[in-house]
Amino acid sequence: MKNSFVSTWIGWYLDNARDLPWRETRDPYAIWLSEIILQQTRVNQGLPYYLRFVESFPTVFDLASAEEDKVLKLWQGLGYYSRARNLMKTAKIVAFDRKGVFPNTYSELVKLPGLGPYTASAIASFAFGRAEAVIDGNAYRVLSRLYDIDLEIGSQKVYESFRQLATDLMMATKPSVFNQALMELGAVICLPKPICERCPISDQCLALQNKSIHLRPVKKKSKPKERQAHYYVLPITPTGDWILEKRPGKGIWSGLYVFPLLGEGEFNPKSPSFLQLKHLLSHKEMDLHFQIREFASIEDYPGAQLIPKDKHEEIPFPVPFLMALKHWKLL
DNA sequence: AACGCGGGGGC
DNA sequence: GCCCCAGCGTT
């Protein structure tokens, strides 16, 4: 076979694969759940969340019937909260419109909320054995180095060329295993700073030959950072209840609960009672200021909700708000 | 095509 | 600091 280095690669994967729970099943529900959790998220960060989700919601029906706040509380700390909201949308579609049966083709999968080209391909191959190549950050890195490709990542056309390349390489191999091997190499060997000495196919790597590893993949530069400052107050009523706002469906922290916003930008409280936290948020550094206001009344906060004392532990918060609550020993 | 969306880990 | 992560939805 011409592409015999692929069998070397597959052999390396079979011998060295990390022991990951979603690799031991073909249940589309479990695979779908793992793929959504792992979007833009490292395995080590997502794994404990995956385990808690499958325990709390063993089937798609359990997830489809769950309270939104309970799902968001379980998602708390993972980030990209619209993933959790799309997770619930898709769970309801599959459970209630499709009687619990996931679509088994790429073209049907990609229609579901939260499933794009990568995730639809992943589920089609892992759960249904279809020959759909996955192109994620790992695949871009591995393939651009293997063939020393200087195309800039980001356009539809370049995506398609990488997908076609991976599809060609996959031909003689079981699709699910090839896709796993592709991502595994990118995740443990062909890292941004690669460990070429341990790479099973380094003798095939054109970028290594051409000493251009550090130039691959070619990516667009990230934007310069901006600074923002936000000022929040946690109003507490005389009976110890909290007054919180649930964030709207779009934008930052969608669906999570935050303290009412006093001001942002140039607003400066010049008050030492504000707790200041620096928070790194999507390449932007935010200065967050928090304060407690006791003996508050819900009347003063239109659009906010009164959260009874016995519900405080069930409320999903963004991480910086958790930090503030922990600092005040309120949670 | 460009941008917004989190939080964490590695160096 | 900077980069990037089993990407997707919106504009």
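Order of the sequence lines fixes the chain letters, A, B, ..., with proteins taken first and strands second; residue numbering starts at 1 for each chain. What's counted below: heavy atoms across the whole structure, side chains too, no hydrogens, waters or symmetry copies. These numbers were taken from a predicted model, which means no experiment stands behind them.
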Separation of [N] [atom2] from [X] [atom1] (nearest whole Å):
| X | N | atom1 | atom2 | result |
| --- | --- | --- | --- | --- |
| A/Y81 | B/dG6 | OH | P | 7 Å |
| A/W22 | C/dA6 | CH2 | C1' | 9 Å |
| A/L87 | C/dG9 | CG | P | 12 Å |
| A/E35 | C/dC5 | CD | P | 15 Å |
| A/Y140 | C/dC5 | OH | P | 11 Å |
| A/L277 | B/dG7 | CG | P | 12 Å |
| A/E184 | C/dC5 | CD | P | 15 Å |
| A/N86 | C/dG7 | CG | P | 16 Å |

Heavy atoms under 4.0 Å, any strand shown: does [X] hit a base, just sugar-phosphate, or nothing?
| X | result |
| --- | --- |
| A/L78 | base |
| A/S254 | nothing |
| A/T41 | base |
| A/K220 | sugar-phosphate |
| A/G186 | nothing |
| A/R23 | base |
| A/S155 | sugar-phosphate |

Ranges pairing with ranges for DNA chain B, where each run has three or more Watson-Crick or G-U pairs under 3.5 Å: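 Only these stems qualify: B:1-5 with C:7-11, B:7-11 with C:1-5.
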
Rounded to whole angstrom, note down the [atom1] distance from [N] over to [M].
| N | M | atom1 | answer |
| --- | --- | --- | --- |
| C/dA6 | B/dC3 | C1' | 22 Å |
| B/dG6 | C/dC3 | C1' | 15 Å |
| C/dC8 | B/dG8 | P | 22 Å |

Kindly state each residue pair satisfying ring-ring contact (aromatic ring centres under 6.0 Å, His included) with at least one member in residues 89-123 of chain A, sequence neighbours excluded.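 Residue pairs passing ring-ring contact (aromatic ring centres under 6.0 Å, His included), neighbours aside: A/W32-A/F102.
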
Name every donor-acceptor pair, under 3.5 Å, that has one atom in a side chain of residues 307-324 of chain A and the other anywhere in the protein, sequence neighbours excluded.
from   : atom 1 : to     : atom 2 : distance (Å)
A/H312 : NE2    : A/I307 : O      : 3.1
A/H312 : NE2    : A/P308 : O      : 3.3

Using the rule given for side chain to side chain contact (heavy atoms under 4.5 Å, CB included), can you reason through A/L151 versus A/K157, listing the C-alpha separation, both sets of side-chain angles and the distance that settles it, and then say yes or no? CA-CA 10 Å; A/L151 300 176; A/K157 190 159 44 171; over 6 Å; no

Single-linkage hydrophobic cluster, 4.5 Å side-chain cutoff, A/L261 and A/V258 together: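 Same hydrophobic cluster.
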
Please pick, from B/dG6, B/dG7, C/dG7, the nucleotide with the shortest atom-to-atom distance to any side-chain atom of A/V319.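 Nucleotide nearest to A/V319's side chain: B/dG7.
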
Given C/dT10, C/dC5, C/dC8, identify the nucleotide with an atom nearest to the side chain of A/Q40.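 Nucleotide nearest to A/Q40's side chain: C/dC5.
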
Chi angles and distances behind the side chain to side chain donor-acceptor pair (under 3.5 Å) call for A/D62, A/T59: CA-CA 5 Å; A/D62 300 312; A/T59 73; 2.9 Å; yes

Less than 4.0 angstrom between a side-chain N/O of A/W253 and OP1 or OP2 of B/dG7, yes or no?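 Checking B/dG7 against A/W253, a side-chain N or O does come within under 4.0 Å of OP1 or OP2.
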
Where do A/L38 and A/M183 land on the side chain to side chain contact (heavy atoms under 4.5 Å, CB included) test, with the steps shown first? CA-CA 12 Å; A/L38 291 173; A/M183 293 192 287; over 6 Å; no

Is it true that the side chains of A/N86 and A/R83 contain a donor and an acceptor less than 3.5 Å apart?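 Distance-only check fails for A/N86 and A/R83.
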
Look at the side chain of A/R42 against the base of C/dC4 and say whether a donor-acceptor pair falls under 3.5 Å; ignore hydrogens and angles.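 Yes.
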
Ring geometry between A/F5 and A/W9 (parallel below 30°, tilted from 30 to 60°, perpendicular above 60°):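 Rings of A/W9 and A/F5: parallel, under 30°.
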
